[in-house]
Structures are given as C-alpha cells and as structure tokens.
Amino acid sequence: MRVADLIVHDAAMAVRERGRFTLALAGGRTPLAAYARLAAASGMPWARTHLFWSDERCIPPDNPDSNFGAAAGVLVSRVPIPPDHVHRIRGEAEPREEARRYESVLREIVRGDPPRLDVILLGVGEDGHTASLFPGSPALDEQAHLVVAVDPPPGVAHQRITFTLPLILAARSVVFLATGAAKANAVARVLLAHDEAMPATRALAARGRVVWVLDEEAARDLSDAIKEQGRQAWVRQTPPAV
Ligand code: 6PG
C-alpha cells in the first residue's frame, strides 16, 4: 500500500460521505514521487476533488522553488481535475493579502469551523519544521488565522505563506512524509521524545488520524517496537486499494 493508495481510499470515502474530497499537498521534494504515483492511480474522483497547498514560497509559480510549480509538473498537469478546483497559493502576490485571500477560499470550500480538510500532507525539516511553521516562530501560536505569511528563519530562502496549527489540527487525516537518513533525528525527536521544540510535534495532537510514512533511513532511530507498531497500524488503516 502506498500513500497514493491511501489518498485514493480516503477520496472515495469522502466523496461517498460528503460529495467532495479536499486534499492539501505538502511542499518540498519528498512528496513528488508520491504525487507522480497519485497521478497514475486509478479510482481517484478528480472531478470531485479540491486541491490546496499547506504552504508556499512567496515566489511566482514558474520559479523552480515553487511548491505549486513542482506539483503542477508531476500531478496537476496529468490529471482531469477541473481547473477551478486547483487552489494555488499565489506566491507572486503580497504575502499578507494573499494569506487572507487563501483563508477565505478555504472557508468557502471546506466545511467546518475551523474548516476540516480531508487530508493534509506534510513534510518535516531537519529542524522539525512542518509546512512553513519553523521552530520558535510566532506563527506557531497563531489561533485566529488559518493561514498566515511568515518571514523565514536565517538561511531559509523566501518569505512563506503557511497553514497554521488550528487548520492542521482540524484535519480528518494528517499524513507526514519523510525519507532519508537526514530526517532520522527529527523523526525520532518528534515520535519518540515528543520534543515540543519541533513544530511537527504539535501536529501529533490533530483531531483526526495522524500517519507518518517513513522509509527505513528516516525511521532509523526509532525502536523496533515502534516500527512494528507502525507497520501494524499502517496495515490496519490502509484497507486494500479501492
Ligand atoms: C516547504 C515545505 C516544507 C517541507 C520540508 C521537507 O515549502 O519547504 O512545506 O515543510 O515539507 O522542508 O522538505 P523536503 O521534502 O524537500 O525535504
């Protein structure tokens, strides 16, 4: 079972129960292979799917660092999703105004207060950041807004627009994707130590299902017991592909 199959499963269930499927894509490079597999997957109700992004860099979509640009190449351009169901964060716009606009789009399309997205995909940085919620950022304490503009920490390129924790915690399913040995320490600090200095730890308190999809290298520092527990949980909650 792969992440793409999990998404197809959740999408079919969401459309059955609520008539539509709302999915927020993660930024970064890790999820791109999963996006390519999702593009090739059968059974995805694209006509009833709405795509969002959990964060974006404040750059135009044709910039190589654009999260939308990366996903457009491997997924959006390859699936029959109605163009008005692709809700891009406009990285070229004034960040604070765009954060307000994007929040209003989410509130218009996603039911619930706060809006409950069906699936939010997230990555994790080596410093434990997720979406564009970086360690020590005031955005981590944001309760009023669902989407905010943030200044990146030193060494991180581009201003960002990001989901805040109230929106992330409300999701029906939060799926973290992490691969490679460079993420092993961050994964262990989050999943074993529940280190609050790591923003990704805060997402463990999500109302819905929280799934971590790791390769062997990223899971390297987890105990065998946790790995086995994870494998069993994955089998339980990822029914046969639809
Ligand atoms: C971003 C992401 C960010 C990303 C992690 C992991 O815009 O950079 O939203 O949270 O998911 O930094 O990035 P990689 O998958 O490239 O390691």
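In what follows, residues are counted from 1 in the order of the sequence shown. Order of listing sets the numbers, starting from 1, for every ligand and every atom in it.
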Does Leu140 reach the side chain of Leu165, with side-chain heavy atoms less than 4.5 Å apart?
->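 Leu140 reaches Leu165 side chain to side chain.
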
Ligand 1 atoms in contact with Arg160 (distance to a heavy atom under 4.0 Å) |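 Going through ligand 1 atom by atom, the ones under 4.0 Å from Arg160 are 1 (C), 7 (O), 8 (O).
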
Relative to the heavy atoms of Gly123, which atoms of ligand 1 are at a distance of less than 4.0 Å?
->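 The atoms of ligand 1 under 4.0 Å from a heavy atom of Gly123 are 11 (O).
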
Please state whether Leu122 comes within less than 4.0 angstrom of ligand 1, counting heavy atoms only.
->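 Flag not set, Leu122 not near ligand 1.
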
Can a non-hydrogen atom of Ala131 be found less than 4.0 Å from any atom of ligand 1?
->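 It does; at least one heavy atom falls under 4.0 Å.
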
Looking only at protein heavy atoms, identify the closest one to [atom] and say how far it is in Å.
{"atom": "atom 5 (C) of ligand 1", "value": "His129 NE2, 3.5 Å"}
{"atom": "atom 2 (C) of ligand 1", "value": "Asp55 OD2, 3.5 Å"}
{"atom": "atom 13 (O) of ligand 1", "value": "Gly28 CA, 3.8 Å"}

Measure the acute angle between the ring planes of Phe52 and Tyr102, then classify it against the limits of 30° and 60° as parallel, tilted or perpendicular.
->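 If you compare the ring of Phe52 with that of Tyr102, the planes turn out perpendicular.
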
Using a 4.0 Å heavy-atom cut-off, say whether Ser54 meets ligand 1 through its side chain, its backbone, both or neither.
-> neither

For ligand 1, which part of Glu56 has a heavy atom less than 4.0 Å away: the side chain, the backbone, both, or neither?
-> neither

Verify salt bridge (Lys or Arg N to Asp or Glu O under 4.0 Å) between Arg220 and Glu217, making sure each step is shown before the conclusion.
-> CA-CA 5 Å; Arg220 181 194 64 197; Glu217 287 185 323; over 6 Å; no

Using heavy-atom distances, let me know which of Leu25, Thr30, Leu32 sits nearest atom 15 (O) of ligand 1.
-> Thr30

Residue selection (non-hydrogen contact nearest atom 8 (O) of ligand 1) among Arg57, Arg29, Lys183, His158 =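 Result: the heavy atom closest to atom 8 (O) of ligand 1 is in Arg57.
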
Ion pair check, Arg107 and Glu103, cut-off under 4.0 Å = yes

Would you mind checking if Arg18 and Asp118 are paired as a salt bridge, meaning a charged N to carboxylate O distance below 4.0 Å?
-> yes

Can you check whether Ser132 has an N/O within less than 3.5 Å of an N/O in ligand 1?
->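 No, no N or O pair falls under 3.5 Å.
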
Extract all donor-acceptor atom pairs below 3.5 Å that involve side chains of residues 24-40 and protein atoms in other chains or at least two apart in sequence.
residue : atom : partner : partner atom : Å
Tyr35   : OH   : Ala26   : N            : 2.8
Tyr35   : OH   : Ala26   : O            : 2.7

Sequence neighbours excluded, which residues qualify as salt bridge (Lys or Arg N to Asp or Glu O under 4.0 Å) partners of Asp55?
-> Arg160

May I ask you to decide if Asn67's main-chain N or O and Glu56's side chain share a donor-acceptor pair within less than 3.5 Å?
-> yes

